[in-house]
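I have placed the structure first, in the form of structure tokens, so that the comments after it can refer back to it.
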Amino acid sequence: MSTHTSKVDNSVSYLEYQGKHKGLKAWIFSTDHKRIGLLYLVTMLFFFSIGVTFGFLMRLELLTPGKTIIDPQTYNSFFTLHGIIMIFLFIIPGLPAVFGNFFLPIMIGAKDVSFPRINLLSWWLFLLGGILAIVSVIMPGGAVDTGWTFYVPYSVRTGTNVWPALLAAFILGFSSILTGLNFVTTVHRLRAPGMSWFRLPLFIWSLYSTAWIQVLATPIIGITLLMVFFERVFGFGVFDPALGGDPVLYQHLFWIYSHPAVYIMILPAMGVISEIIPVFSRRTIFGYKFIAFSSIAIAFFGSLVWAHHMFTAGMSSPAMFIFSLLTFIVAIPSAIKVFNWVSTLYKGSIQTDPPLLYALAFIFLFAIGGFTGLIQGALSVNMHIHDTSFIVAHFHYVMFGGTGFGIFAALHYWFPKMFGRKYNLKTAKVGFWTLFVGFNVLYFPMFIMGWLGMPRRYYDYLPEFHIYHSISTYGSWILITGLIIMFTNLYIGYKRGAVTTEENPWGGETLEWQTMTPPPIENFDVIPEVTGDPYGYKQNDENETVKVKEAL
Amino acid sequence: MSSTEHTAGVSHVHRDDEGARLGMWLFLFTELLLFGGLFLLYSVYRYLNQDAFHLAAKELNTLFGTFNTVILLTSSLTMALAIAAIQRGKKTLSVVLQLATLFMAFGFLVNKYIEWTAKIHHGIYPGSEILLDKSSGEILFFGLYYSMTGLHGLHVIIGMALIGYMTRLTVNGVINKDSFVKLESAGLYWHLVDLIWIFLFPLFYLIT
């Protein structure tokens with residue numbers, strides 16, 4: 001059954017494989033899911049660095065009241081571009097497109113995704129959308145200044161380059177849909193023999209749930225942004241109150257996608273954490289089915305809570321009540337995951353390597369972000385903190401503290417497998433702690449000043465907020481230092497780190513650890529036959545523990 | 001543990017027609033949702049401006065609309081027959097039927113062109129003075145009319161490109177009796193285009 005019929009040389013790694021193209025072309029025209037994953041990684045990190053730069057400059061501007069380095073219009077553009085780049089070009093594609101592409105087929109025991117060429121197309125679209133977003137900054141007319149939400153009527157009236165940014169978001173959405181479509185089909189069709197649904201690694205479950213949201217929610221924002229685009233070009237009037245249109249309807253349509261998109265961002269990160277925790281505590285995951293189904297539950301309920309972004313925009317009381325209630329309900333599956341992770345750690349043989357540190361930081365930061373989310377879900381409190389920097393702090397804790405740290409965890413976890421090199425563990429830990437401290441110093445003061453009434457997106461502020469703003473800006477410097485240490489360490493590891501061909505450096509039980517390091521072009525010599533659960537740690541087996549210790 | 005209950009063995013088969021169909025259906029789903037956003041806008045504004053929508057719909061030519069509906073439905077039939085033909089190995093017949101589909105799709109677009117030109121000639125287009133003098137409900141009606149039929153028209157053009165490419169593949173023999181999932185997928189896409197029109201037609205032409 002597992003006879004090898006293709007003529008591909010499967011003895012070399014995907015990094016050394018020579019196809020019909022050479023050099024750069026061997027990468028940008030490769031349909032190998034692993035190479036596409038790395039293409040995404042490189043482009044995504046490039047956009048991430050731009051997004052970080054915008055964020056850093058914004059923080060610098062807010063160091064003192066009044067003008068510090070940039071004028072208000074530039075500031076408006078900076079927070080818009082920071083949002084667009086970070087959301088559409090870093091957090092959304094971060095885990096599914098990079099690590100999902102690379103590891104989904106390997107973890108289910110497949111040679112590639114179902115539609116390799118569409119996979120490559122999705123990267124090209126991603127690149128095109130990203131370039132368009134960057135070009136909109138330099139084009140005459142001024143960088144887009146609407147905020148990443150493109151709220152009408154301002155987005156129809158402003159003279160800045162809204163249309164390239166809209167088009168960019170549309171194209172990026174299309175790219176995201178293609179990735180989702182590919183993943184759903186791959187998980188349904190290409191599982192290895194014996195890989196039943198409940199033997200899927202939890203990262204796959206989370207990617208699968210994410211893929212469904214990508215497929216179902218993204219078209220809505222596509223058409224909504226397209227309508228704003230047409231509105232600007234032709235003046236259809238569908239969102240223009242002067243012509244009978246309704247701007248609040250725009251907000252509904254926008255959030256029908258953009259709230260589920262929040263779960264597109266966080267779910268894969270939760271999947272990564274579910275992979276890392278059992279490996280570094282040497283225990284079977286606690287509550288496998290609960291974690292698996294909570295991903296589906298989050299995907300489902302997360303699609304029904306969009307209007308909690310609009311509690312002050314004008315809605316009927318019953319609608320507000322229902323959306324508030326549903327918002328609270330989403331917290332349940334998230335909490336289920338956190339409890340299960342903690343239970344897995346309990347009495348485990350914990351190995352505090354960098355991936356686990358990032359995973360633990362994820363749990364801590366995500367808990368803060370999650371709880372403050374509940375605070376905002378309450379209608380009365382929401383009126384008080386709506387559009388304040390409390391919200392900014394909340395979603396940075398969830399998006400950066402959650403998904404961002406999830407991406408870094410994944411990077412540190414799978415790095416040896418992807419590149420066949422080792423990075424310096426000590427430096428990685430130094431980088432982690434700097435990042436963690438910087439993160440909290442940067443974002444925690446925003447909770448306090450938001451609660452005290454500091455509005456978000458404001459260029460200037462009252463003197464009583466000065467202390468919080470300056471602490472926050474100092475935090476940004478620590479955070480950037482942490483990022484530099486982390487990425488430099490990984491880069492040095494990639495260039496000069498010790499070469500390793502060890503298949504399973506961390507002692508993981510999922511399929512990616514049972515193939516060559518780095519993986520060969522078709523992932524496996526023989527398609528594996530799966531016979532057991534994904535996290536079958538024999539933690540009570542004395543020999544097993546010794547073996548694992550020796551391996552480390 | 002047994003592995004019989006699982007999708008055993010498909011992972012190393014290079015051609016996976018079932019997977020291709022699944023992917024296509026998912027894609028059609030996203031297309032439905034894309035139009036779904038517009039249908040949502042339509043229902044909200046129709047609910048808010050019922051009289052104006054009835055009034056505005058009188059401007060549209062029901063005869064043209066009906067004619068286009070007939071054309072598109074027939075083209076869906078020829079497309080389905082083209083697939084049935086290739087399944088039975090009748091290559092020439094399949095190519096002829098695909099060309100017939102293309103011809104009808106082109107006819108649909110010509111009609112659409114005549115219709116739009118007439119509207120624009122009468123000064124009814126977004127931002128025109130005649131339209132801006134009308135009530136906001138009518139402005140919205142025509143805003144939606146142009147965006148929805150326009151987006152649909154764009155899909156007709158994409159569908160034509162797709163079918164044209166399939167015709168080439170059929171002539172080349174890439175699509176044949178044993179491998180016709182590509183043609184099937186193109187057919188599914190064409191039926192979707194047809195289906196969306198079936199909803200657009202009553203919503204714009206028949207509500208007078």
Side-chain angles (χ1 to χ4, degrees), chain A residues 1-6 108-111 114-115 118 174 177-178 180-182 184-186 188-197 199 215-224 226-227 230-231 234-239 241-246 249 252-253 256-257 522 527 529-532, chain B residues 1-14 16-42 44-45 48-49 52 125-128 131-132 134-148 150-151 154:
Chain A
M1 201 171 187
S2 304
T3 43
H4 207 73
T5 49
S6 60
I108 63 171
K111 285 180 185 168
S114 276
F115 310 113
I118 290 182
F174 198 35
I177 288 176
L178 293 179
L181 196 146
N182 225 330
V184 172
T185 317
T186 307
H188 274 278
R189 300 295 304 165
L190 298 185
R191 282 170 289 134
M195 179 63 88
S196 61
W197 283 93
R199 286 181 187 161
V215 169
L216 294 182
T218 318
I220 310 276
I221 195 161
I223 193 67
T224 310
L226 214 56
M227 286 311 281
F230 288 148
E231 190 83 49
F234 303 114
F236 280 154
V238 281
F239 294 134
L243 299 176
D246 186 355
L249 197 54
H252 276 291
L253 284 167
I256 283 176
Y257 163 76
E522 292 202 322
I527 294 292
E529 175 115 16
V530 183
T531 53
Chain B
M1 289 203 156
S2 85
S3 62
T4 45
E5 68 207 86
H6 317 305
T7 53
V10 288
S11 51
H12 55 276
V13 176
H14 281 282
D16 180 12
D17 288 355
E18 203 57 35
R21 274 184 213 114
L22 179 63
M24 193 61 203
W25 276 105
L26 281 172
F27 180 71
L28 293 185
F29 220 52
T30 68
E31 286 280 7
L32 276 184
L33 283 158
L34 186 79
F35 278 95
L38 287 172
F39 281 116
L40 192 75
L41 281 173
Y42 178 94
V44 171
Y45 290 137
L48 293 173
N49 311 284
Y125 54 90
S128 73
L131 191 59
L132 288 178
K134 292 180 185 279
S135 71
S136 59
E138 284 168 282
I139 298 175
L140 286 174
F141 179 88
F142 283 105
L144 287 167
Y145 167 76
Y146 278 108
S147 46
M148 290 174 92
L151 192 67
L154 188 69

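Since this is a predicted model, take the numbers as computed values, not measurements. Computed over heavy atoms, backbone and side chain alike; hydrogens, waters and symmetry mates excluded. Chain letters run A, B, ... following the sequence lines, proteins first and then strands; every chain starts at 1.
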Please classify the contact of [X] with chain B as side chain, backbone, both or neither, using a heavy-atom distance under 4.5 Å.
X       : result
F174(A) : side chain
F234(A) : both
L181(A) : both

Euclidean distance, [Y] [atom2] relative to [X] [atom1], rounded to 0.5 Å:
X       : Y       : atom1 : atom2 : answer
F236(A) : L131(B) : CZ    : CG    : 10.5 Å
M227(A) : L151(B) : CE    : CG    : 9.0 Å
T185(A) : F27(B)  : OG1   : CZ    : 12.5 Å

Is any side-chain heavy atom of [X] less than 4.5 Å from a side-chain heavy atom of [Y]?
X       : Y       : value
L216(A) : F29(B)  : yes
L140(B) : V238(A) : yes
L34(B)  : L226(A) : no

- [ ] Heavy-atom pairs under 4.5 Å with chain A are the metric here; pick the option from G36(B), S147(B), G150(B), A20(B) that has the most.
- [x]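 With the most close heavy-atom pairs to chain A, the winner is S147(B).
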Open item on the list: Counting heavy-atom pairs closer than 4.5 Å to chain A, which one of L132(B), L144(B), I139(B) comes out on top?
Closed with: I139(B)
TODO: Please look at L40(B) and chain A and tell me whether the side chain, the backbone, both or neither of the residue comes under 4.5 angstrom of a heavy atom of that chain.
DONE: side chain
TODO: Looking only at non-hydrogen atoms, find the nearest pair between G235(A) and P126(B) and report the distance.
DONE: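 Minimum heavy-atom separation between G235(A) and P126(B): O-CB, 3.9 Å.
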- [ ] Select, from A217(A), P219(A), S114(A), the one with the greatest count of heavy-atom pairs under 4.5 Å involving chain B.
- [x]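 Top count of heavy-atom pairs under 4.5 Å with chain B: P219(A).
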Task: Among the listed options L249(A), T186(A), I220(A), N182(A), the residue most often paired with chain B at heavy-atom distances under 4.5 Å - done: L249(A)
Open item on the list: Checking the side chain of Y45(B) only, and the main-chain atoms of D246(A) only, is there a donor and an acceptor separated by less than 3.5 Å?
Closed with: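 Flag set: sc Y45(B) to bb D246(A) pair under 3.5 Å.
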